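Along the sequence shown, the residues carry numbers beginning at 1. Since we're looking at a predicted model, the values are computed, not measured.
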Amino acid sequence: MEPLKINIIGAGAIGHLWASFFKQKNQDVRLYVRTPRPSTQLSVVSPLGDFETSLDYDQLDDWRDCDLILICVKAHCLSELGQKLRSKVMNSCPIVLMMNGLGLVEIMQGFKYQNPILHASIVHGAFISNDQLVHTGNGKTILGNLHSDYAGEEFEQTIELLDYVLPTAEWSDDHKTNMLLKVVINAIINPVTALLDIKNGLVVEQHKLIPLAARLLNELSPLLRIILPQFSQDEITQRIIQVAENTAGNSSSMRQDLHKKKTTEIDFINGYLIELATKESIALKEHSEIVKQIKALDSN
């Protein structure tokens, strides 16, 4: 594939993962960070094959026009970034949001970008330890419509590029369902693992959700019948169990954030579901309480 210009904003594990694979595939990638950093040498360990790479870091003041923008910052940083970036993006290349939670496309649309804004559902795990980037699980990157009339044909180049660099990437015409299902799964696994300080697999015991996770899911039942009517409660339960078991050795992003004394994305996960429920006059007391508990921990 001919080299394209890719700008990635956010140098967490996912930003590094994409930047490393873009560079490995000889694409012209730049990785943007908030504060200056020296170049780094990384050893990438991946199910797709191990390799060595070196990465440089740029700042937004050094912005260059590109063919694709990937935003990999935490959800709570998006509003500030969206405002800063608006004066720098001069062309109409796609902007892909690669972060947990929902309500994020609306934040970017509020800045009146002329660019198509897509939100990717990513099933990849990664973490950085010293000079090693560990790709803990290869999965899919799914893009599609949330609040627009985009057609998959409009983004063939973007899908082909992402699939070429880090398979598998694909378009979904039912992307809203994918994203809602993912946020429900995250709303159970992430806060439970963060609050109890456990890895993902311990959300399940003997192929059943542990009591805290089960209570959170049961409380969502009236809302799920409205926002995901095509799935039974048992089907959603099994999806959560499957994700927890498939990522058993992983530490959720919310648990990692608490360990690093960083703000979590709970407002865009459980908080988003609470907003939806409020509009339907549904009370989510357990979820509201767990949001308070997580916020108390990430403010320490």
Q: Output, in order, the C-alpha distance, side-chain angles, deciding distance and verdict of salt bridge (charged side-chain N to carboxylate O under 4.0 Å, His left out) for Lys140 and Glu170.
A: CA-CA 8 Å; Lys140 287 185 177 182; Glu170 60 189 42; 3.6 Å; yes
Q) Any sub-3.5 Å donor-acceptor pair from Glu265's side-chain atoms to Gly101's backbone N or O? A) no
Q. Do Asp28 and Arg64 come close enough that some side-chain heavy atom pair is under 4.5 Å?
A. yes
Q) Quick one: does Glu280's side chain have a donor or acceptor within less than 3.5 Å of a partner on Ala277's backbone? A) no
Q. Can you tell me if NZ on Lys208 sees more than 12 non-hydrogen neighbours from other groups inside 6.0 Å?
A. no
Q: Please test Met254 against Ile269 for side-chain contact (heavy atoms from CB on, under 4.5 Å), starting from the C-alpha separation and ending with a verdict.
A: CA-CA 10 Å; Met254 195 172 292; Ile269 301 174; 4.0 Å; yes
Q. Heavy atoms, side chains only, cut-off 4.5 Å: are Asn115 and Asn91 in contact?
A. yes
Q: Applying side-chain contact (heavy atoms from CB on, under 4.5 Å), run through Leu212 and Arg215 and close with a yes or a no.
A: CA-CA 5 Å; Leu212 176 57; Arg215 289 200 308 273; 3.4 Å; yes
Q. What distance do Leu31 atom CG and Gln59 atom CD have between them, rounded to the nearest 0.5 Å?
A. 11.5 Å
(Q) Are the side chains of Pro191 and Ile290 in contact, using a 4.5 Å heavy-atom criterion? (A) yes
Q: Start with the C-alpha gap between Asn178 and Ser121, add the side-chain angles, then the distance that decides, and say whether side-chain hydrogen bond (donor to acceptor under 3.5 Å, both in side chains) holds.
A: CA-CA 7 Å; Asn178 294 329; Ser121 173; over 6 Å; no
(Q) Assess, by modelled atom type and distance only, whether the side chains of Gln24 and Thr53 contain a donor and an acceptor separated by less than 3.5 Å. (A) no
Q) Should Ile69 and Pro94 count as side-chain neighbours, where that means a heavy-atom distance under 4.5 Å? A) no
**Q.** Any donor-acceptor pair under 3.5 Å from Asp163 side chain to Ala169 backbone
**A.** yes
Q) Name the one of Thr263, Asn100, Asp257 that satisfies side-chain hydrogen bond (donor to acceptor under 3.5 Å, both in side chains) with Lys74? A) Asp257
Q) Does Asp62 CG have over 12 foreign heavy atoms under 6.0 Å away? A) yes
**Q.** Residues in salt bridge (Lys or Arg N to Asp or Glu O under 4.0 Å) contact with Asp267, at least two apart in sequence or another chain
**A.** Lys295
Q: May I ask you to check whether Asn270 and His287 show a side-chain donor-acceptor distance below 3.5 Å?
A: yes
Q. What is the distance from atom CG of Asp58 to atom CG of Asn7, rounded to the nearest 0.5 Å?
A. 8.5 Å
Q) Do the ring centers of Phe155 and Tyr150 come within less than 6.0 Å of each other? A) yes
Q: With side-chain hydrogen bond (donor to acceptor under 3.5 Å, both in side chains) as the test, would you mind laying out the steps for Gln256 and Ser251 before giving the verdict?
A: CA-CA 6 Å; Gln256 291 183 52; Ser251 181; 4.6 Å; no
(Q) Closer than 3.5 angstrom, by distance alone: can the side chain of His119 be matched with the main-chain N or O of Met99 as a donor-acceptor pair? (A) yes
(Q) Could you tell me if Asp234 and Thr237 have a donor-acceptor pair between their side chains, going purely by distance under 3.5 Å? (A) no
Q.
Using the rule side chain to side chain contact (heavy atoms under 4.5 Å, CB included), only one of Leu146, Leu143, Ile95 pairs with Leu118; which is it?
A. Leu143
**Q.** Pairs flagged by salt bridge (Lys or Arg N to Asp or Glu O under 4.0 Å) wherever residues 184-199 is involved - sequence neighbours left out
**A.** Asp197-Arg255
Q. Do you know the tightest heavy-atom contact between Glu52 and Ser43?
A. OE2-OG, 3.2 Å
(Q) Could you go through Leu68 and Thr158, starting from their C-alpha distance and side-chain angles, then the distance that decides it, and tell me whether this counts as side-chain contact (heavy atoms from CB on, under 4.5 Å)? (A) CA-CA 8 Å; Leu68 177 64; Thr158 298; 3.9 Å; yes
(Q) Do Met108 and Val105 have side chains that approach each other closer than 4.5 Å (heavy atoms only, starting at C-beta)? (A) no
Q | Full working for side-chain contact (heavy atoms from CB on, under 4.5 Å) between Leu17 and Phe22 | A | CA-CA 9 Å; Leu17 182 72; Phe22 272 115; over 6 Å; no
Q. For Ser39 and Asp56, what are the C-alpha separation, side-chain angles and deciding distance, and is it a side-chain hydrogen bond (donor to acceptor under 3.5 Å, both in side chains)?
A. CA-CA 5 Å; Ser39 301; Asp56 299 320; 2.5 Å; yes
**Q.** N/O donor-acceptor pair under 3.5 Å between His16 side chain and Ala11 backbone
**A.** yes
Q. Side chains of Trp171 and Asp173: do they bring a donor and an acceptor to under 3.5 Å?
A. yes
(Q) Restricting to salt bridge (Lys or Arg N to Asp or Glu O under 4.0 Å), what partner residues turn up for Lys84, sequence neighbours left out? (A) Glu80
Q. Are any side-chain N or O atoms of Gln132 and backbone N or O atoms of Ser129, one a donor and one an acceptor, separated by less than 3.5 Å?
A. no
Q | From CG (Leu276) to CD1 (Ile226), nearest 0.5 Å | A | 9.5 Å
Q) Under the 3.5 angstrom rule, does the side chain of Asp67 hit a backbone N or O of Cys93 as a donor-acceptor pair? A) no
**Q.** Interatomic distance, Asp50 atom CG to Leu48 atom CG [nearest 0.5 angstrom]
**A.** 10.0 Å
Q | CD/Glu205: more than 12 non-hydrogen atoms of other groups inside 6.0 Å | A | no
Q: Drop me the distance from Lys5's NZ to Arg30's CZ, to the nearest 0.5 angstrom.
A: 8.0 Å
Q: Taking the side chain as every heavy atom from C-beta outward, state whether Ile266 and Asn190 have any atom pair closer than 4.5 Å.
A: no
Q) Is there a donor-acceptor pair closer than 3.5 Å between any side-chain N or O of His135 and the backbone N or O of Pro47? A) no
Q: Return yes if some donor-acceptor pair links the side-chain N/O of Ser148 with the main-chain N/O of Asn145 below 3.5 Å, else return no.
A: no
Q: Determine whether more than 12 heavy atoms belonging to other residues, nucleotides or ligands lie under 6.0 Å from atom CD of Gln233.
A: yes
**Q.** Near-ring test Phe21/Phe51, centroid separation under 6.0 angstrom
**A.** yes
Q: Identify the two heavy atoms, one from Lys262 and one from Asp298, that lie closest to each other, and give their separation to 0.1 Å.
A: O-CB, 3.5 Å
(Q) If you define the side chain from C-beta out and look only at heavy atoms, does anything of Leu166 sit under 4.5 Å from Thr141? (A) no
Q) Is it true that the side chains of Gln114 and Ser92 contain a donor and an acceptor less than 3.5 Å apart? A) no
Q: Could you grab the distance from atom CD1 of Ile188 to atom CG of Leu216, nearest 0.5 Å is fine?
A: 5.0 Å
Q.
So Ile71 and Leu81, do their side chains get closer than 4.5 Å, heavy atoms only?
A. yes
Q) Are there more than 12 heavy atoms of other residues, nucleotides or ligands under 6.0 Å from atom CD of Glu289? A) yes
Q: Determine, for Phe111 and Arg86, whether the Lys NZ or Arg CZ falls below 6.0 Å from the six-membered ring centre while staying within 45 degrees of the axis.
A: no
Q. Any donor-acceptor pair under 3.5 Å linking the side chain of Gln27 with the backbone of Leu4?
A. yes
Q.
Atom NZ of residue position Lys88 - does it have more than 12 heavy atoms of other residues, nucleotides or ligands inside 6.0 Å?
A. yes
